[in-house]
Each structure stands twice: as C-alpha cells, then as structure tokens.
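Reading through the structure tokens given below for one structure.
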2 protein chains.
Amino acid sequence: MSNDAERPAARPTITDVARHAGVSKGLVSFALNDRPGVSAETRARILASARELGWTPNLRARSLSVDRSYALGLVIGRSVDVIAADPFFHSFIAGVESEFSTAGQVLVLAQATPGREETATYRGLAADKRVDGVFLSDLRAGDDRVALVRELGLAAVTLGRPDVESPFPSVSVDDGRGIRAAVEHLAALGHRRIAHVAGPSTMLHGRRRAEAFTTALVAAGLEPTAIIETDFSAVDGARATRELLGLGADRRPTAIVYSNDHMAFAGLAVAQRAGIHVPHDLSITGFDDTELARHTFPSITSVATDAFDWGARSARLLLATIAGQPVDDVELSEPRLVVRESTTTAPESESARH
Amino acid sequence: MSNDAERPAARPTITDVARHAGVSKGLVSFALNDRPGVSAETRARILASARELGWTPNLRARSLSVDRSYALGLVIGRSVDVIAADPFFHSFIAGVESEFSTAGQVLVLAQATPGREETATYRGLAADKRVDGVFLSDLRAGDDRVALVRELGLAAVTLGRPDVESPFPSVSVDDGRGIRAAVEHLAALGHRRIAHVAGPSTMLHGRRRAEAFTTALVAAGLEPTAIIETDFSAVDGARATRELLGLGADRRPTAIVYSNDHMAFAGLAVAQRAGIHVPHDLSITGFDDTELARHTFPSITSVATDAFDWGARSARLLLATIAGQPVDDVELSEPRLVVRESTTTAPESESARH
DNA sequence: TTGTAAGCGTTATCAG
DNA sequence: CTGATAACGCTTACAA
C-alpha cells in the first residue's frame, strides 16, 4: 500500500533545495556551511530556497559524512545515592546546556548501573561514537579514566586537574581557597580545635579539601586535629560527627568544617540530638552552598562555588578542543564563604583558655 | 590482504566482514540482526568473522539507514532551582539507564535554558531527530507538551496521567494514596487541625496531592483547613509555614503535610526558629523520602515512592512503544508512609478538646 | 539460501 | 566559480 506518487509531507532534502535553487547539491552544502567558492548572489538564492522549503540539514546524514556526533557526554559514577544528593550536577548541566543553545549540540547523560560498569559505559559511548567528547568529573586519585578516554580517542576536559599525566585541558576551581576561608573565619572567631569531616581521599576534590584544611590550620597557628574520612554521604557525615562529639571534653572540636553541605546537615542533626547547641557549643560550615543551607535552623555557613559557570566554561572548552582550536586550562573564580548562623565565637571555656 | 594490510587502525566495516566471511554485505546484515533466511552454518561463520575482526556496526550509518536514533530524551523544565532540589531525577535516570544496558540506547538530557525555551528544545530534538521518544515529566494542567510532542511525531510516555487527551501511554503512581496515608496517620494520632503545604496547582502532581489531602481530611471526619500553594521550593515552603504558624492559636494547625521533603525541611527550620517544638507542638510529614529525611533532628516522616522503578518501567514502556509493540498504561506500586520522629500525638490541649 | 544494487542525505573530490 | 560523482556504512527490496 505505498503511494509514492503523492509524498506525504516528506521532509525536503538538500536535493530538493538544489533543484529549487537551480544549482547542484554540492553548492548548497557550500552555501550552508558558508565556505568560500560561492558567489554572494548564488548563496543568497540558495539560502532563500532553503528557507522557503523549510529545509534543515539532516543531522544523521551529516553525522555519517563528517564523522561527528554533535553530542557531548557526561557519565556519572556508580554511587548513585551519593551523587543523588549532590545538587552540583543540576547546575553544572544547566551551564553546559547554556552553551549548546547556539551550538546545536546535545548532552548525552550516562549513568553506570549495576548491569553496566563505568568503563563499559565509556567504551560503549566510544564504540558507537555517540559523543565527540566527554566531561570527566569527580576525578579520582590516579584516575584511570583519563588514560581510557584517551585510548578511546575521545576528546575531553577534566573538571579539576588530575594527578596523572593528562592530555586534556581542565577547568578548575580552587576548593582549597574555600576551605581556607572557612578555617580562617573560625580561627578568627577564637576556635582552636577545629575538625574536618572530609570526603573520600580517593576523590581528588575530597583529598584536596582535606589538604587545604591542614595547611590552613597550620597557617593559623593551630595544632592538627581530627580529620575523618567519609564517602560524602549524609549517613557517613552523621557517623563522623558522632565520632568527633564522642571525644573527651578536652579533645572534642568546637568547630567542624564539612566537605559538603549534605554532611553538614546530617552533622547538625547529630549535634542537636546530642543536646549540643549549634553554634554556641559547636560551629559548623558546609561546602556547596546548597539552597537548603539557607533553610535550616540555624542556617549554615557554607562555601559557594559557581557550578553553572563551571558547566558553561567546560562546555565551551570542550567544544573548542573538538573544533581543533588551541585551548588553555581555565581557572574559575574563587569560591567564597557565605557566613550564616551556624558559626559563632568559640565557647567561653575555650576562648578563655589562652 | 587478509588481516592486516598496513591499515592505520581503521575500524572494520561490514564490507570487511563480508569479505572475510566470503559472503555479501547483505547477508552479514541479516546475520547480525538475526533475521530468517540465513543458514545456521553461514550465520555462525559470519558471526565468527565479525568477532575476529572486532567489528561492531556503525551506529551512524545504521541510524541514517533505518531512520532511528536509538536515543531517548528527557527535557527538564525551566525552573532549575526548583528541580535542582529534587532528588527524583537522579533515581529516575538511574532507573531509565538500567534498561539501556541491554538495549544499546542512550539518554539525551536537555534542559531549557534562558536562551532556549522548552518548546524550542522539543522542536530542536525533533528537527534533528536526536531522539526516538521522550519522557514527559512534571505534567502540568492542560499541558501543551503532549500536543506538541504528538505533532512533532515523537513517541512518548507520560509520567503520570495527563488531564488532556493523550495518545501516549503513561506510568503513574498513586500519589494521593501517600497523602492519604499521611493524613490518616496524623488523624489517628489525634490531630484535628492538619494543614497542607501544596505544590503549584499548575502541576498535576502538586494538584492531585492537594486534592487527595482534602479528600482524606473529609474521610477522616475533619474540617477543611488551610492549604497553601507553593512552587515546591524551600523558600516557598518556609513562607507557607510562617503563614500557617502565624495563625491565631485556635486556628494554627497541629500538623502540616508537605508536598515534598524539601519544603518540610524548610518548614521544620521555621518552626524551630519560632520556638515551636516538632513534633510535640507540631507534627510534620514530607514527600519523597529523601535521604536527608533520615538525617534531620527530628527525622522526618515521609512518603516514599520508587523513582528508580518509575524510570525503569517508563523506559521499558517507551522502548516497547517505539518498537511498535502494543502497550498498556502501568501503575506503579503504592507509595508507603515511612514514620519517623517528626510526627507524634497531637498536643494535650488539642487532643483533650473532644 | 545468497548475491546485487539501490537507497538514506550529507560532505568532499575534482574535473569543467 | 560550478556541478557531476564518489564516498560514508548500513539496510533492504529484488534477483538469482
């Protein structure tokens, strides 16, 4: 039952446009991708025909022809629950897409699932050439993904500088600066026993924040105190807090710097449950400046970074890389400490001590 | 010219496999997509050749040929901040991808941005045929997206049943059931003035939860009380809570049912800040059963739904639709109320009243 | 059961 | 400048 005679709203092709404009397909292509070799007059005529016919190049055909997918990929690691809590991705993605509006690109989001591990996900993306490049986020210590992605021939940008040899440009923010600001803020408030609830040391940003914490402590002339490692989850943040608050009265911290807001929330609850008043008995700071940090009681002092901008800059950099343009690493604006109610002067007994 | 003729790591094509197996391209294609008409022996030989050469069909070529993209799309509305707070998407996406592991599909995530509105996003996806179908989430009242998507010729599934004529199958969960459970729980605890902090009435799930709230109230023999509409954000949840707590002592609710966890968090903070004890003076319930609901003080009673399963079922349904298989709407398992510390018996003065 | 050849809609090549 | 013609790699009638 085919009625080839009367085409049912078939989409026009480059051939139709060529015929309509009275030129060859090749010329239409040249005119479209404004390349030299087409007289201004002819180009105008071709473009007019294209518009009149409502023609838009077929992406699949173009894709096959030029061997590009016009898509970028972001694969999210396996620990869904930990990631789920992280509002970072939403803003980051919004930033990425803000660059797409003009570029005609698309974002392919892949999440490693029980049935498909991370490596397999990257391989699949590369095998099917689903994307032209990927964003490497949540860098790990000695991250094997940079070698993998390189081997797969994909372009990439890393979010943060990896600690392994990398051929990819990076977009980073100085997390340490934020942690340092938090520590200085607390030290200025008279705190002398400041602890840190860190992210996993296997993750670069978790590790760097912890290192910055130690450095800042030293710089402030304070003695090293407890640093408890977690997996960035709320449960783990709660556990770490219980551990810290369980220390003898003379070792218990008067302030805790959390590596992310979620753990700070959980920590706040643990303290309150134990009858420890925040901020009078204990000051706390978070990281990420989540919307919720403004809506807890007390509201939480936190380090704010610009995830949207991170996404936008990363996308621009990746697109430039793919286009073969020379690129440089980019350093984002410094994170800033947003002081709220969860931090105040150290408890009397403490500040009076020296 | 058997295996390596100094080819620069060029990826093998179907032609190479055909030559290697001593058959035609067509047959290789048939064997690959196991279609009838190929002798078992030949098929085995072809598959062996393919494996030996490490051949995998070129998705772009196939895509152009069969006019399919093997990708599904999810476009997230414009209010990033509101969405950002919602952990729903992460689990939903994980569920969707869990179905992809076997299907060779990919998820294209599009977010409307200031420079590109929602409608334009769908149109762009369709114009470039980036996806074979889309997930329609966060249904609105009289949602024009179903007509749009239909007009664009895309396949789709709706998350929840739309209130407009729809040609698409839906996957839904009975939110009302969850709200009802919350109300019944509170009523059983002696609460008689229960308020509701609702989502926007322009969003179907926000509206339905509010309706279910009213129905449940009536069923419990309670009088209608305040229902305050919000945009689902924490700020708005805080505002609504302040409004409710500002009511005269004889009208102030002793319990508040929030339409999502985020607003419940913000509401909790508002109450605490006002010196109102939760749950002794005020009981509250959330919706979504976020990880954080377990880590507040007090922990929050919430309605849990299975977002992962929602994603998995939706993906399966959409894929089936695209494959032209007959499908039916699916109803997910009932949401369940997870009782925690934020709900307890109504204040003395109240329960003693009747 | 297997081979042949015509698409799919672009872009790239290379004579006029 | 212009315009046939050949890739790109696969699917799919249609023959043999």
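In the text below, chain A, chain B and the rest are named by the order of the sequence lines, each starting its count at 1.
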request  = Under 4.0 Å between any heavy atoms, over every strand shown, what does B:Thr42 touch: base, sugar-phosphate, or nothing? Just pick one.
outcome  =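 If one applies the 4.0 Å heavy-atom cut-off, B:Thr42 turns out to touch the sugar-phosphate alone, with no base involved.
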message = Under 4.0 Å, heavy atoms only, any strand: does A:Arg35 hit a base, just the sugar-phosphate, or nothing?
response =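 Contact class for A:Arg35: sugar-phosphate only.
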What is the distance from [atom1] of [X] to [atom2] of [N], rounded to the nearest Å?
X: A:Leu53; N: C:dG9; atom1: CG; atom2: C1'; result: 15 Å
X: B:Leu32; N: C:dT2; atom1: CG; atom2: P; result: 16 Å
X: B:Phe30; N: D:dG9; atom1: CZ; atom2: C1'; result: 16 Å
X: A:Arg19; N: C:dT10; atom1: CZ; atom2: P; result: 13 Å
X: A:Asp67; N: C:dA12; atom1: CG; atom2: C1'; result: 14 Å
X: B:Lys129; N: C:dC8; atom1: NZ; atom2: P; result: 12 Å
X: A:Asn33; N: C:dT13; atom1: CG; atom2: P; result: 14 Å
X: A:Tyr70; N: C:dT10; atom1: OH; atom2: P; result: 12 Å

Between [N] and [X], is there an OP1 or OP2 to side-chain N/O distance shorter than 4.0 Å?
X: A:Arg62; N: D:dC8; answer: no
X: B:Ser39; N: C:dT2; answer: yes
X: A:Ser29; N: C:dT11; answer: yes

inquiry  = Suppose we call a contact any N or O donor and acceptor under 3.5 Å apart; does that hold for the side chain of A:Lys25 and the base of C:dT10?
reply    = yes
message = If you go through the side-chain atoms of A:Ser65, does one of them form a donor-acceptor pair with the base of C:dT10 closer than 3.5 Å?
response = yes
ask   = If you find the nucleotide of DNA chain D closest to B:Gly26 and the one closest to A:Gly26, which residue's nucleotide is nearer the 5' end?
value = A:Gly26
query = Going by the angle between their ring planes, with limits at 30° and 60°, are A:Phe92 and A:Phe88 parallel, tilted or perpendicular?
reply = parallel
request  = Go ahead and write out DNA chain C as dot-bracket, 5' to 3': ( ) for pairs within the strand, [ ] for ones crossing earlier pairs, | when the partner sits on another strand, dots for unpaired; Watson-Crick or G-U wobble, both distances under 3.5 Å.
outcome  = ||||||||||||||||
A:Leu319/A:Arg316 under side-chain contact (heavy atoms from CB on, under 4.5 Å): CA gap, chis, key distance, verdict = CA-CA 5 Å; A:Leu319 254 14; A:Arg316 224 179 304 162; 5.8 Å; no
message = Using the side chain to side chain donor-acceptor pair (under 3.5 Å) criterion, which residues pair with B:Arg130? Sequence neighbours excluded.
response =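 In terms of side chain to side chain donor-acceptor pair (under 3.5 Å), with neighbours along the sequence ignored, B:Arg130 is linked to no residue.
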Side chain of B:Ser24 - closest among C:dT4, C:dT10, D:dG9 =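 Nearest to the side-chain atoms of B:Ser24, counting from C-beta on, is C:dT4.
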query = Quick one: which of D:dG3, D:dC10, C:dT10 gets closest to the side chain of A:Leu27?
reply = D:dG3
